[in-house]
Amino acid sequence: MNIEIRNGGLLSLPNYAVLIILCIGSLILVMPTIGQNIQDPNMIVYFNADEGGLMDEIWYYYSGIKRDSFQWDFDYGLEMVYLAAFGRSILSKFIDLAPGHFVLILRFIHLVAWVLSLIALWRLIERHFGSGWQQVLPVALLATRPAFDYLSNSLKPEGLVLLFMMIGLDYTLRLIDSPSLKNIVVASAMAALAFIVKFAGLFLVPVVIVGLYLSKRCGKGHNMIIERVGKMSWVLPGICGLIIAFFPLLVLIFYTRKSTGLTWYAQYGLWGSIVQIPAIIYLIIIGAILIVISAALYAMTGRLHGRIKKIFDRINEINSYGLFSVGLFAGFVAIFGLKWIVNPRHLINIYGQFGPIAIQRDHAIAGIAAKGWLGYFFEKLADKILVFDPAILFLGLFYICVELVYWRKSFVADKKNFCKRATLLIFASPLFANLMFQGRFEQHNVLPFFAAASILAVQGVLLFNKYSPFPLLLKNGLLAFCIMVLLGDIAINGSLLAQARLYRFYQNEDVVFELAKWWRDTIPKEASVIAEHHSRVYIPPEQKNIKVLNWNGLDKANEMRRLVESHSPRYIYFKEEVEEKGGISSLEKLLPGRKTCLIKAFNSAGRRYQRHPNEKFVIYEVLY
């Protein structure tokens, strides 16, 4: 039975029709709302705090001004820095830029990047694994990710990172066909571009090394440049060790913490900071071990014989690929990330924050204390499986089992495809590893790894059908069952995605628009107001005499009380939520003994769009 449909002739036309439908569908889902609420940038903060925070950040890059709604000095890379510079040098000569313009530009960039990512994934599968349903299913699975709705309403750069990583992964797999300098350069350049947009691009570098290594196993030679680099291969572990050991120390010295306004070093000193963050000790130890390994490799060069020499030769071979790939990657990062060369503090401030965010240490400690280690572990594992995709996870694990059972047959029968699948598996391994730890796990953060896992899920079914000794009827039944599972997964996720996007269409029916009209008609622009932050309530931008609570205040009630006592406002404006811990449940509890009058309340219950169910916005007048 021919289970693979190769591209060519009329047979490829229906496949391309599916791709075109998926790309047009993505555009149709987003275009009607792509310019939503950018005329009043405060609306962006209200409806999506992440997008609002990044909007204020790029406006700060462009103008040097921190707006009242500013939440954090936090970025993901250099995309917004370069766009702000482009705005100052080019766009500002033609239009009078406002924060909403940058939001619209970034939304368009990320939408186009998403569509191009689908095309890049399509081409990757077509080039390396064949066409037909094994090409259609992974692309459709990616196109219907519910994360797409979140990315369409956020300035986070995952769509752009996904595009660069799909192209880089394609050229990494091409190394197994031909380890040419062009393929190595393009793969390394894509990894560098993804890295300067967001750190995830770093995960592509080890896969490039793996691609070079496996290409040699497939009988492909390497050019003389790599062979010459191999003479210095012993330095690679030491270079990595220096980075691992010293970058955390640079973070301690230069990264200014938001909670205190001080660096760790300024507050605790060097040793005191290390005591506060024990993980740094382990990183320093790992770095020192890698430096010792470099010294050992250098000392043993030319002094070993027999089997030990073969082992060290293999290590040096891998190191030579690593040194060449890492050198190219670092060179491209220096070229594309010139801003970091000029201003290294920006690099330190960005990546100094990702460690605590990624591992979620405080959240893990609280969860383990409440539920025990096993209870917390299994709860997080179940949550991650649901967030990821149970069908793809199951079929991905099925692929691993099938590959382990039949790897000898598949390696002999088709060495090249075996090596390509192995490369994809190594690329997807951070995803499977993260499932077993308590680190941060969100759909939009794992899109490149999900794409690789989707390809492997389909390849596992094909391998089983090809090599298993079971009856043909059973194999065909399993093949049909797996295809139906994936089609059902696509249908369910596509439905959820369409519902989520439809929910965005109703955004302009939110009660906050009624509130905004009432506010402009009723509250004087000069009136003194104390309000919660823009991320929780909508604040008309023309209101000038207003004090806004800190966006991440741990005790909103106490902060509100302090502002009322110090500024004697005429109006108090907040979102009343009885059940929210740390929120403001009522003004009577907030200001006991003070005379106030509720002049207006707005309730979102019963509306087709409500930011949170039954939220209630209240405006009080303070009577003096």
Side-chain angles (χ1 to χ4, degrees), residues 26-27 29-63 65-88 91 97-117 145-165 193-201 339 346 349-351 353-354 357 440 442-448 500-501 504 507 533-535 538 551-552 611:
S26 296
L27 294 173
L29 286 174
V30 176
M31 287 303 295
T33 61
I34 198 166
Q36 199 170 46
N37 299 324
I38 66 168
Q39 294 82 4
D40 184 350
N42 284 312
M43 284 291 186
I44 298 173
V45 186
Y46 170 79
F47 286 112
N48 189 312
D50 285 341
E51 187 175 37
L54 293 172
M55 172 193 65
D56 286 345
E57 184 76 11
I58 192 171
W59 184 249
Y60 172 60
Y61 289 152
Y62 172 76
S63 66
I65 298 171
K66 290 186 177 181
R67 302 171 67 240
D68 292 339
S69 53
F70 195 90
Q71 297 176 64
W72 53 68
D73 188 8
F74 180 80
D75 198 355
Y76 293 92
L78 290 173
E79 180 191 20
M80 295 200 305
V81 174
Y82 287 150
L83 179 57
F86 179 73
R88 280 194 306 270
L91 295 181
L97 288 170
H101 289 119
F102 289 108
V103 171
L104 187 60
I105 292 170
L106 286 169
R107 285 179 177 177
F108 266 111
I109 290 173
H110 296 163
L111 175 60
V112 171
W114 174 267
V115 173
L116 292 178
S117 297
R145 285 278 76 198
F148 179 49
D149 172 65
Y150 175 77
L151 296 179
S152 303
N153 199 49
S154 172
L155 302 189
K156 291 184 178 181
E158 266 73 15
L160 200 58
V161 174
L162 177 64
L163 173 61
F164 291 142
M165 293 188 78
L193 282 171
F195 178 76
I196 69 165
V197 174
K198 192 173 180 179
F199 75 97
K339 182 69 176 180
H346 184 268
N349 283 338
I350 288 175
Y351 291 117
Q353 302 175 67
F354 273 112
I357 291 173
R440 187 176 178 85
E442 304 290 348
Q443 270 195 5
H444 61 275
N445 290 330
V446 298
L447 286 172
R501 292 308 303 163
R504 301 289 182 197
Q507 198 172 60
H533 188 264
H534 301 69
S535 60
Y538 171 72
W551 76 276
N552 65 344
R611 186 168 180 250

**OP:** Output, in order, the C-alpha distance, side-chain angles, deciding distance and verdict of side chain to side chain contact (heavy atoms under 4.5 Å, CB included) for L78 and V197.
**Re:** CA-CA 6 Å; L78 290 173; V197 174; over 6 Å; no

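- I44 contributes atom CD1, which lies 9.0 Å from atom CD of Q39 (distance to the nearest 0.5 angstrom).
- Rounded to the nearest 0.5 Å, atoms CD1 (I105) and CD1 (I58) are 7.5 Å apart.
- For the pair T33 and L29, the tightest heavy-atom approach, listed with the atom from each and the gap, is OG1-O, 4.4 Å.
- Residues passing the side-chain contact (heavy atoms from CB on, under 4.5 Å) test with N37, sequence neighbours excluded: M43, F47, Q507, N508, F513.
- Residues N445 and K198 come closest through the heavy atom pair OD1-NZ, 3.2 Å.
- Note that the CG atom of L97 and the CZ atom of F102 stand 4.5 Å from one another [nearest 0.5 Å].
- Distance check, rounded to the nearest 0.5 Å: CG of L54 to CE of M80 gives 4.5 Å.
- Every residue was checked against the side chain to side chain donor-acceptor pair (under 3.5 Å) condition with N153, not counting sequence neighbours, and none meets it.
- What you find for V161 and A194 is that their closest heavy atoms are CG2-O, 4.2 Å.
- For P41, the side-chain contact (heavy atoms from CB on, under 4.5 Å) partners two or more places apart in sequence, or in a different chain, are M55, R67, P99.
- Residues L193 and L160 are not in side-chain contact: their nearest non-hydrogen atoms beyond the backbone lie 4.5 Å or more apart.
- Every side chain to side chain donor-acceptor pair (under 3.5 Å) that S535 has, sequence neighbours left out, goes to H533.
- A500 meets the side-chain contact (heavy atoms from CB on, under 4.5 Å) test with D149; sequence neighbours excluded.
- The two atoms that bring R501 and S152 nearest to each other are NH1-CB, 3.5 Å, heavy atoms only.
- Side-chain contact, R88 with S63: no donor N or O sits under 3.5 Å from an acceptor N or O.
- Applying the side chain to side chain donor-acceptor pair (under 3.5 Å) rule to Y61 yields the partners E57, D75, H346; only residues at least two apart in sequence or on another chain are considered.
- Take F148 and apply the ring-ring contact (aromatic ring centres under 6.0 Å, His included) test, not counting sequence neighbours, and it matches W114.
- Scored by the side-chain contact (heavy atoms from CB on, under 4.5 Å) test, I34 finds V30, M31, L104, R107, F108, L111 as partners (sequence neighbours excluded).
- The closest donor-acceptor contact from the side chain of E79 to the backbone of L106 lies at 3.5 Å or more, if one exists at all.
- Heavy atoms only, all atoms of each residue included: F199 and F195 are closest at O-CD1, 3.7 Å.
- When all heavy atoms of S69 and D56 are compared, the pair lying nearest together is OG-OD2, 2.7 Å.
- Counting heavy atoms of neighbouring residues, nucleotides and ligands inside a 6.0 Å radius, atom OH of Y60 does not exceed 12 of them.
- Using a 4.5 Å heavy-atom cutoff, the side chains of L447 and L151 are in contact.
- To the nearest 0.5 Å, the span separating CZ on F164 from CD1 on I196 amounts to 7.5 Å.
- For Y538, the ring-ring contact (aromatic ring centres under 6.0 Å, His included) criterion is met by no residue, not counting sequence neighbours.
- A search for side chain to side chain donor-acceptor pair (under 3.5 Å) contacts involving Y150 returns D50, K156, not counting sequence neighbours.
- Remark: side-chain polar atoms of Q71 are paired, donor with acceptor, to backbone N or O of A49 under 3.5 angstrom.
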